[in-house]
Each structure stands twice: as structure tokens, then as C-alpha cells.
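These figures come from a predicted structure and were not determined experimentally. Letters A, B, ... mirror the listed sequences (proteins, then strands); counts begin at 1.
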There are 2 protein chains.
Amino acid sequence: MTKLILAGPDDLDHVLRLLGDFHAETGITQDEATRRAALAPLLDGSPHGCVYLAGPARAPIGCVVVVFGWSTAFGGMEGKIDVLYIRPGVRGRGIGSEILATLPKALGAAGLAALHLDVARENNALHRLYAKQHFRARDNILRMTRKL
Amino acid sequence: MTKLILAGPDDLDHVLRLLGDFHAETGITQDEATRRAALAPLLDGSPHGCVYLAGPARAPIGCVVVVFGWSTAFGGMEGKIDVLYIRPGVRGRGIGSEILATLPKALGAAGLAALHLDVARENNALHRLYAKQHFRARDNILRMTRKL
């Protein structure tokens, strides 16, 4: 059973390193200052999200960033898995699935109406992994974005 | 020029009526208590979103619900247009486009990194309207959702 530990301000370095690895692997280019500014509030009790470390806090094997939003259609607060990152060396052991099975229960108990995630449209292996954990593809929705 | 007025607790009845009309038109089934619970915090200063009334506050011609979220990839706070509703009687006059042109500037000035919206995949007329206002379709993303 992988332990999820709510990360606090003291965990910033660990989380920064994991997120940096995640960005490198997924091709997201972001400078360290931006990454730090996007993460620090989530460790400091921001209402907009929180970070969990997977495994021992001193040597985490991964992290989950959950961000909070709101939806009038869903009737209140909702969440989104912004990042789910497992270190390459410990993949294939079902840790991600385990997290996806347990985390929604905790978030539902905390009053969230729905949990979302965005996945690359062509990554069928990931779709299947998420579908097994009761995430349903919403093919009828097109997301449009304007950078500000 | 359509005036956007930030709605407060006193505007709950107006906003409830507009959102009810929006739900009726778009086929969202929601009881009044749920609708009220999802709206009231946004009029009371919740960090998760806010509501604007379009036109005169006493006889609004529409409303916009903007919800706030967070994205580590976008580097901080982001927004989403949860609802953009214009009364049927005043449509076709460019009011929606006007709102979509001015609102992002205000939200960008307030520090938001990006503004999103979800649109029905088959509604090409809406895609074009949003594209004209610099919203880009993110076809490579599949949203998956688990109800909690």
C-alpha cells in the first residue's frame, strides 16, 4: 500500500524535483522560478490545490498535484488531477492505479462532486488505465483555451 | 457597450433565474437547492469563482460565471468560463462576443495565466465564435471525469 502524504512548505524541494522530472519527460518547458511560483502556494494551504507525496516523505517515489475548481453544472467544488507522476524506476507495479483507486474516495468524502483529468487523446494505454478506475472519457466536449 | 457588474449576495435571485433558464435551454437537470448551493458561494466572495451580470443590474440580459482553478503547467491561477448566458431576446447583437473580448483582458490583468471553456464538440458555430476571440481548440486533449 503506497502511502500518500500531504506535502507542506518543507517539501518544496522534493516536489520541485519531481515536477521538474515530470516536465522533462513530458516535454513541458518551464523555468525554475515559474515552477516554484506555481507550486509553493499549493504547499502553503492555497484553496486552489494541494500536493501529495507518494511513499516515504524523505525519499518520495512520486507525487500527485490535485487542483480545485468549481462547476455550477456539477453543483459545487470539483477537482482535477493536474499531475500524477511516478518515478520511472518504480513504474509497472500498479502504484498509479492504487493512487487512482484511493484518492477519489478521500476527495469525495471531502465534498468534491467530480474529479477530472486531461489525457493525450492518442494515449490509449492511459485511457484504459483511467477507465479501469472509473474515469469516463467525455468525447463530446472540446476544450478551448485562450492564454492571457 | 455591455456593462459587466460583479454580482453580490443581493443578486442571488437574478442569477438563479438566469442559470435556471440556461439549464432548461441546455438540458441540464438540477434541482433548485443544488443550483442555489452551487451559486451562493460565488456571490459571497468564494476564491473558486465569481459571477458577472450583463447589462443593468436590476434587469440583467445575461450572466457569466467564471470559475478559478490552478495549473502547474500554465504556471499558476487559471480561469474557466463555466457559464455564458445571454437571454434569447437579445441574442445576435454581438453581446457574447463583446464579453469574450473584454473579460479576458480583465482576468489577465488580475493575474490569470489562461482562460478555458468547454464547448460541445459538434457545435461548429460556437467554435468559430470562440476562435474569433482567440480561444484555440485543444483537440489533442481528452477530458476524463469520475463523478464522486
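Only the side chain of A:V65 comes within less than 4.5 Å of a heavy atom in chain B; its backbone stays farther off. B:L115 touches chain A through backbone and side chain together, each having a heavy atom under 4.5 Å away. When heavy atoms are compared at a cutoff of 4.5 Å, A:A137 approaches chain B by way of both its backbone and its side chain. Contact annotation for B:V83: only side-chain heavy atoms (C-beta onward) come within less than 4.5 Å of a heavy atom of chain A. Residue A:L100 touches chain B through its backbone alone, counting heavy-atom pairs closer than 4.5 Å. With a threshold of 4.5 angstrom between heavy atoms, A:A37 approaches chain B through N, CA, C or O but not through any side-chain atom. Both the backbone and the side chain of A:L112 come within contact range of chain B, with heavy atoms under 4.5 Å apart. With a threshold of 4.5 angstrom between heavy atoms, B:L19 approaches chain A through side-chain atoms but not through N, CA, C or O.
When every heavy atom of B:G76 is checked against every heavy atom of A:A38, the shortest pair comes out as N-CB, 3.9 Å. In terms of heavy-atom proximity, A:A73 sits nearest to B:I28 at CB-CD1, 4.1 Å.
Residue-level contacts of residues 7-15 of chain A with chain B do not occur; threshold 4.5 Å between heavy atoms. Scanning residues 138-148 of chain A against chain B with a 4.5 Å heavy-atom cutoff picks out A:R138, A:D139, A:N140, A:I141, A:L142, A:R143, A:M144, A:T145, A:R146, A:K147, A:L148, ordered by number.
For the pair A:Q30 (side chain) and B:T72 (backbone), a donor-acceptor distance under 3.5 Å is present. Listed for the B:D82 side chain is no donor-acceptor partner under 3.5 Å among the backbone atoms of A:S71.
Aromatic ring pairs are classed by plane angle as parallel below 30°, tilted from 30° to 60° and perpendicular above 60°; the pair B:H48 and A:H48 is perpendicular.
Residue B:F74 is not grouped with residue B:V67 when hydrophobic side chains (ILVMFWY) are merged at heavy-atom distances under 4.5 angstrom, including chains of intermediate members.
Comparing B:H23, B:M77, B:E122 by heavy-atom pairs within less than 4.5 Å of chain A, the highest count is held by B:M77.
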